[in-house]
Amino acid sequence: MLATRCIALCLSVVSVLAATAAPARSQSPNPQWSCDFAHAWVDPGLGIDPPISEITSQINDPDHPYRKLQTAIDALILHLDATYPGTTAPQQMGIVHALPGLYGPWSNGSGDVLPIVMRDRVHVRGTSARACVIRGGSSTTQSVFWPEASLGGFRRAREVLVDWILTQKTAGLPQQSEPYVATKWSGLPIDAAETFDAFTLQGGDVQMLIGDANQQTNDGAFAGRIANCVFDMRHNWITQGGSTVVGPYFGLMFVAPFFDNVHAWGYLDRRFVVTNNTFIMAEFSRPSASSIPTWVNACREDAVALIDVTNPSCVLSAVTSRDADTTLRGLSNLLVVNNLFRTMPLGGGWASQTKPMAMLGVDEADCRVRYGGEGPWHLSNVFDPERVGADNSVATGFIPTFYSRPVVSIFQGSVNDFEVWDCTVGPNHCGPFYDGTCAIFGTCGPTAAAPFPTPRKELWNGHNQATGGIDPGFVGEYLNQVMNPQPTPYYAYRDWRLLPGSPVADIGVSAVADEPPYAYLQAENGAEFIDSLCTDQKIFRWDGEVWGNPRVFGPGVDVGFDEVGSFIMAGSWSNDSISHNHTTALAPTATVGMPRRYVILPDLFVSSGGSSYQVQINGTQRFLSALSATGFPQVINPPPAWTVPPAALPTPVVDPTLPVDFRTRYINLTNPPAQQVPTPWSYATPTFATQYQPLLGATGYVQTFLRVPPSSQPLDDDEAAGQPTPYLRYFNMQMVATNVITNLVRWSNLQHEYR
């Protein structure tokens, strides 16, 4: 009743927002902070969690990984608080290195109870977004602000995969309850910007939640960086094990509750960088082995990939005051750069043409960036421009809808180094005119809307042939269309990497800070980003496949989690299946698939002008474990939890005489004979050129690349066959291409496979 009353009373209550220049502020750690990180490793297959009394005993010990991601995160913040006292505390942070596997409550997963709760000064990095998967689907829920009404809003019980609620410097330590016992750094003026990097998120109701805090008990300040991830938002799709994954309503959800305490009135900014991520909201594939390709596995019709929204706090329990303008609106000044939002074209199967949405509550100033505060503004995100706005409602029918109006933020002041926006004092603003029952004692004028964001490149929307539109060109969708996915059962090629020649390649913006003067990106709203000078924390160093796969390859950075290199190894398996041919300790029930690999190369290796390339692929492999007679992992070789992959060179070899993108060797180019690796594979590439026009109706380009071998010469993927027990193993590959006419040698990027 209280919520209904509040909304009814507030229907005419809005405020006029006058634009002022946003103060520049950095979203990265201060450059003078120490790079002497504390480390924790987590292995969902072989890790072991110690007793709670010894939780920090495995810190900085790569040979003893934790099993649960949450245990490693909690252990690190406890270690930081106990180990670094006094003035050295602000210089210390921690990094969790997550090994391949399934994180969460699913069978053969890590056993993590969701949500994964991020902690202050603790960064979380996967070894590859293709292999580190957080999957929802349990019954664990929490109360989440739900923007299903244009005014006020409600709270609902929802499953969250990753929650940033405790990343403020005042949030305290694990096992504490409010009021928190202060950490040694809680009084410092600068808050750390935590990093979440290189994961795939699947299922859940909200895949990542930022800022839905109780503003009466903490300052609600949030800063962070979300990079090189895949937000798989597809709904009701089937895993390799035959289970159904129910898709989310929101991929990224930023919530700014009304700020009401002794400091100020208003909304605290969310200092977040959202960069180089891929949001998958539909798939063009075969629904079965004998079907023709079509749109399958679409997300929920009312889903939103990224929403920025206020919570006016009108429906909470009575306190001193509430925001008199209950219009849901996006006030955070985010930096949204190089993200790919893949939706199905309009008319592709959703009942409503206004759903789903790539972004709600996000304005143009959040998405336009420039280098170092100089020069022109650049657009870098790729999406359908008709899927951004203030709501995804429909004119008739009761279909769940979400609301958040992009508005012009007003800078009022700072609290603990965080800006307060849209403060409820001063000219053209509502005062704190609510009592404890949300009765109104004042009125307001109309809210000033901000421009909707526009894309760097427009996705094909299915009906606007004048402007055309593009398809990103995903590896998995290509393989599904051109390869025969026999034998049954049908395997979905869930591989969201980009094909060579993709129209989203080289069109992003990058910020590389290897030395002063600290190159950075600046958003039109004033937000700034400086990539860390610390090697372990750089988010523009590697792409979502991480080690051996540079984030910038070629003339520019690609949009999305993947950077197209010179070498793609793919086959009859999905990104996230853990095992693509044989059962392993992580996937003991997996059905044996096709022993088939495909190599995809850019067209620079096509023979022309009398030149000819020869290609050889070398691989190195390490057996990590097998199943014991009791069915539990049994260590064969002690499996280090790695930052440099097993069987790779700790210090890569660099040949400065080779072209800049082809001069680094990550592995020895001879195969250890004892490991029975079925490489090197060698062939001449010009024979197997192919062309691919991704979607019927998409215009403007044809992707040209090489695919080897043809179906008559398959690459065998049976290296796990014939072993006495199913193995958990790591396998990496690097290509050497030689022009036999000019003798020009090129070393490729690295490719990883996991068993």
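Since the structure is predicted, the reported quantities are computational estimates derived from the model, not experimental observations.
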Problem - Donor-acceptor side-chain pairing of Asp112 and Gln70 below 3.5 angstrom - result: no
Handout entry: Ring centers of Trp237, His235 separated by less than 6.0 Å
Key = no
Exercise for the section: Would you verify whether the NZ or CZ of Arg158 falls within 45 degrees of the ring axis of Tyr249 while also being under 6.0 Å from that six-membered ring's centre? Expected result: yes
Problem - Candidate list Asn339, Asn228, Asn338, test side-chain hydrogen bond (donor to acceptor under 3.5 Å, both in side chains), partner Asn277, passing option - result: Asn339
Handout entry: Pair Trp295 + Phe284: ring centers closer than 6.0 Å
Key = yes
Handout entry: Check: Phe231 ring centroid to Trp496 ring centroid under 6.0 Å
Key = no
Handout entry: Salt bridge Asp302-Arg300, side-chain N to carboxylate O under 4.0 Å
Key = no
Practice task
Run the ring-centre check on Phe272 versus Phe254 and record whether the distance is less than 6.0 Å.
Solution key: yes
Handout entry: Asp163 side chain to Gln142 side chain, donor-acceptor N/O pair below 3.5 angstrom
Key = yes
Exercise for the section: Check step by step if salt bridge (charged side-chain N to carboxylate O under 4.0 Å, His left out) holds for Asp43 and Arg67. Expected result: CA-CA 5 Å; Asp43 186 332; Arg67 182 177 182 87; over 6 Å; no
Exercise for the section: Measure centre to centre between the rings of Phe154 and Phe145, then say whether the value is under 6.0 Å. Expected result: no
Practice task
Measure the acute angle between the ring planes of Phe529 and Phe540, then classify it against the limits of 30° and 60° as parallel, tilted or perpendicular.
Solution key: tilted
Problem - Salt bridge Arg130-Glu545, side-chain N to carboxylate O under 4.0 Å - result: yes
